[in-house]
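A short worksheet on the structure shown next.
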Protein chains: 2
Amino acid sequence: MPEKVIPDIVVGRLPIYLRALQRMLAENRHVTSSQELGERLGISAAQIRKDLSQFGEFGKQGTGYSIDYLADQIRQILNVDKVWDIAVVGAGDIGSAVARYQGFANRGLQVAMIFDNDPGKIGTKIGPFTVQDIAELEPSIKQAGIKVAMIATPSEHAQEVAEQLISAGVQAILNYAPINLAVGEHVRVQYIDPVIHLQRMTYYL
Amino acid sequence: MPEKVIPDIVVGRLPIYLRALQRMLAENRHVTSSQELGERLGISAAQIRKDLSQFGEFGKQGTGYSIDYLADQIRQILNVDKVWDIAVVGAGDIGSAVARYQGFANRGLQVAMIFDNDPGKIGTKIGPFTVQDIAELEPSIKQAGIKVAMIATPSEHAQEVAEQLISAGVQAILNYAPINLAVGEHVRVQYIDPVIHLQRMTYYL
DNA sequence: TAGATTGTTAATCGATTAACAATC
DNA sequence: TAGATTGTTAATCGATTAACAATC
């Protein structure tokens with residue numbers, strides 16, 4: 001019996017739902033509906049119900065969804081009911097900002113180590129972390145069992161760094177370098193490049 | 001005669017194509033094909049040809065695309081054959097990293113000013129920019145005719161900042177605060193939240 | 001109970017792919 | 001010319017929406 005495959009586009013919306021639910025909790029709300037959630041996010045109520053129904057039945061007819069319960073369920077689905085350690089590679093402006101970023105708290109992720117190849121940076125402190133020599137990347141990541149990494153190096157080094165990360169056991173990479181990475185089937189990559197987002201909007205100006 | 005509406009999902013791929021083409025130019029390449037481009041990007045050759053055909057005929061049967069020419073054409077389509085000034089709001093770690101980011105060069109965008117509300121930051125230098133008082137946001141942006149902005153403030157202030165930006169004439173906002181903005185029809189918003197990308201991958205771990 | 005909202009089915013809509021004539 | 005690759009059409013595939021019975 002083959003397990004049902006969830007479309008990636010549905011998986012991609014779950015973190016958005018979760019973020020909105022956590023926001024509602026912060027506003028001291030306890031119950032919501034697919035309609036309200038949809039209005040906040042600019043997504044149709046039907047789509048939200050359809051997406052959630054891929055994973056189970058989380059609501060009650062007539063009343064909607066318990067925010068607390070639904071958030072818990074989505075956290076379990078996304079595997080962020082535990083906390084994943086992240087390795088950051090590159091201690092420049094972006095790597096430093098990421099290492100100090102407060103926004104990971106309570107979202108199932110935390111930075112655990114940061115690497116650079118610049119002798120002038122190795123050994124210095126960034127937030128609570130001491131910058132490690134990139135030569136230690138593979139053993140450190142293997143030893144810690146880290147599966148998630150962020151690349152914040154210049155483009156020229158991103159592919160090479162990705163390969164090291166993968167051979168150290170990393171399976172999910174968030175790449176801030178503006179270049180496409182070639183990786184094997186079993187490795188996930190996501191990209192953050194502000195220019196891509198901006199150019200997508202300048203089209204309409 | 002209504003102008004043909006291009007699907008937003010197609011517009012969203014053009015910056016990706018452009019980035020890959022600029023990369024190829026940097027590698028001293030001069031000609032490419034939909035197949036090669038597709039392999040680099042993990043997109044089908046048919047899709048690339050279909051996307052481009054929405055805007056014109058840029059290739060030659062038998063030989064493919066002149067990289068230089070195609071990049072030029074895409075730049076024109078995306079309106080990044082000129083350079084857009086960007087206002088950055090929030091001079092914390094993220095705002096500072098963005099203001100110093102080298103990756104805007106030759107991509108049709110540049111940071112022009114940065115604002116904060118912290119008296120301890122106002123007047124200090126970040127890269128080549130002097131942090132301006134957020135009280136000056138509306139007049140400064142209006143005066144400079146700026147249409148593109150990035151929000152890098154705490155979540156609590158993002159909505160309020162967005163409203164100020166919009167009333168100053170901004171039409172495209174890249175929001176680093178992990179919260180959904182409510183804006184009018186004529187304003188575009190894009191979001192960057194590393195946690196959203198990471199949670200999308202932890203699902204598969 | 002009456003009103004509200006879910007989960008799900010079927011219909012619609014839109015995006016992707018396959019295939020190929022045109023042609024460089 | 002022969003080989004390669006485009007631009008485009010038609011077919012396929014997948015995602016979104018509308019509608020409603022079930023039920024809280």
Side-chain angles (χ1 to χ4, degrees), chain A residues 2-18 20-21 24 29-74 76-77 200 203, chain B residues 2-18 20-21 24 29-74 76-77 200 203:
Chain A
E3 208 174 316
K4 182 175 52 167
V5 176
I6 308 291
D8 185 60
I9 197 164
V10 173
V11 174
R13 279 190 295 260
L14 294 184
I16 312 271
Y17 299 161
L18 179 56
L21 292 168
M24 286 178 178
R29 304 283 315 286
H30 292 96
V31 174
T32 188
S33 64
S34 58
Q35 185 178 358
E36 184 192 37
L37 206 45
E39 274 165 19
R40 285 217 187 193
L41 298 175
I43 292 177
S44 79
Q47 177 154 92
I48 291 172
R49 293 201 303 277
K50 187 106 210 284
D51 285 351
L52 296 176
S53 75
Q54 303 263 11
F55 303 96
E57 308 192 357
F58 306 125
K60 273 216 215 350
Q61 284 102 324
T63 58
Y65 300 90
S66 155
I67 296 175
D68 211 36
Y69 176 74
L70 181 56
D72 260 352
Q73 294 297 309
I74 295 179
Q76 282 181 37
I77 294 165
R200 188 177 185 152
Y203 171 80
Chain B
E3 209 174 313
K4 183 176 50 170
V5 176
I6 309 291
D8 184 62
I9 197 164
V10 173
V11 175
R13 279 190 294 260
L14 294 184
I16 311 270
Y17 299 161
L18 179 56
L21 292 168
M24 286 178 178
R29 304 282 316 287
H30 292 96
V31 174
T32 188
S33 64
S34 58
Q35 187 179 356
E36 184 192 36
L37 206 44
E39 274 165 17
R40 286 216 188 192
L41 299 175
I43 292 177
S44 80
Q47 177 153 93
I48 290 172
R49 293 201 302 279
K50 187 106 211 284
D51 285 351
L52 296 176
S53 75
Q54 304 263 11
F55 303 95
E57 308 192 356
F58 306 124
K60 271 215 215 353
Q61 284 103 323
T63 58
Y65 301 90
S66 155
I67 296 174
D68 212 35
Y69 177 73
L70 182 55
D72 260 351
Q73 294 297 309
I74 296 180
Q76 282 181 36
I77 294 165
R200 188 176 184 152
Y203 172 80

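In what follows, every heavy atom counts, from backbone to side chain, and hydrogens, waters and symmetry copies are set aside. Just so we're on the same page: letters track the sequence lines, and every chain starts at 1.
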Exercise for the section: Report the distance from atom CD of B:Gln47 to atom C1' of C:dA19, rounded to the nearest whole Å. Expected result: 17 Å

Practice task
Identify the two heavy atoms, one from A:Gln47 and one from A:Ile43, that lie closest to each other, and give their separation to 0.1 Å.
Solution key: OE1-CG2, 3.6 Å

Handout entry: Phosphate OP1/OP2 of D:dT16: any A:Arg13 side-chain N/O under 4.0 Å
Key = yes

Handout entry: Proximity to the side chain of A:Ile9 - top-ranked nucleotide from D:dT16, C:dT16, D:dT8
Key = D:dT16

Fill in the blank from the handout: Regarding the side chain of B:Gln61, the nearest nucleotide among C:dG7, D:dT17, C:dA22 is C:dA22

Exercise for the section: Check whether any side-chain nitrogen or oxygen of A:Tyr65 sits under 4.0 Å from OP1 or OP2 of D:dC24, and answer yes or no. Expected result: no

Exercise for the section: Rounded off to whole Å, could you give me the CD-to-P distance for the B:Glu57 and D:dT9 pair? Expected result: 11 Å

Problem - A:Arg49 side chain near C:dT6 phosphate (N/O to OP1/OP2, under 4.0 Å) - result: yes

Practice task
Find the distance A:Ile48:CD1 to C:dT8:C1' and express it as a whole number of Å.
Solution key: 16 Å

Completion exercise
The residue, A:Ile43 or B:Thr32, whose nearest nucleotide of DNA chain D is more 5′ is B:Thr32

Fill in the blank from the handout: A:Leu70 atom CG is separated from C:dT6 atom P, nearest whole Å, by 10 Å

Problem - Paired nucleotide for D:dA15 [Watson-Crick or G-U wobble; both distances under 3.5 Å] - result: C:dT12

Exercise for the section: Measure the CG-CG distance between A:Leu70 and A:Leu21 for me, rounded to the nearest 0.5 Å. Expected result: 5.0 Å

Practice task
Could you let me know what C:dA21 is paired to, Watson-Crick or G-U wobble, both distances under 3.5 Å, or none if it's on its own?
Solution key: D:dT6

Problem - Any B:Thr63 side-chain N or O less than 4.0 Å from OP1/OP2 of D:dA4 - result: no

Practice task
Starting from C1' on D:dT8, measure out to CZ on B:Phe58 and report it in whole angstrom.
Solution key: 15 Å

Handout entry: Pairwise side-chain contact, B:Phe55 with B:Ile6, heavy-atom cut-off 4.5 Å (strictly under)
Key = yes

Problem - Spacing of CZ belonging to B:Arg13 relative to CG belonging to B:Leu18, to within rounding of 0.5 Å - result: 15.0 Å

Problem - Pairwise distance CZ(B:Arg40) to CD1(B:Ile16) - rounded to 0.5 angstrom - result: 14.0 Å

Completion exercise
Of A:Asp8 and A:Ala46, the one whose nearest nucleotide on DNA chain D sits closer to the 5' end is A:Asp8

Exercise for the section: Return the value, rounded to whole Å, for the distance between atom CG of B:Leu52 and atom P of D:dT8. Expected result: 11 Å

Fill in the blank from the handout: Between NZ of A:Lys50 and C1' of D:dC20 the distance, given in whole Å, is 15 Å

Practice task
When you get a sec, tell me which of C:dG7, C:dA15, C:dT6 is the closest nucleotide to the side chain of A:Ser53?
Solution key: C:dG7

Completion exercise
Per atom distances to the A:Ser33 side chain, the nearest of C:dT5, D:dT5, D:dT17 is C:dT5

Handout entry: Euclidean distance, atom OH of residue A:Tyr69 to atom C1' of C:dT6 [Å, nearest integer]
Key = 14 Å

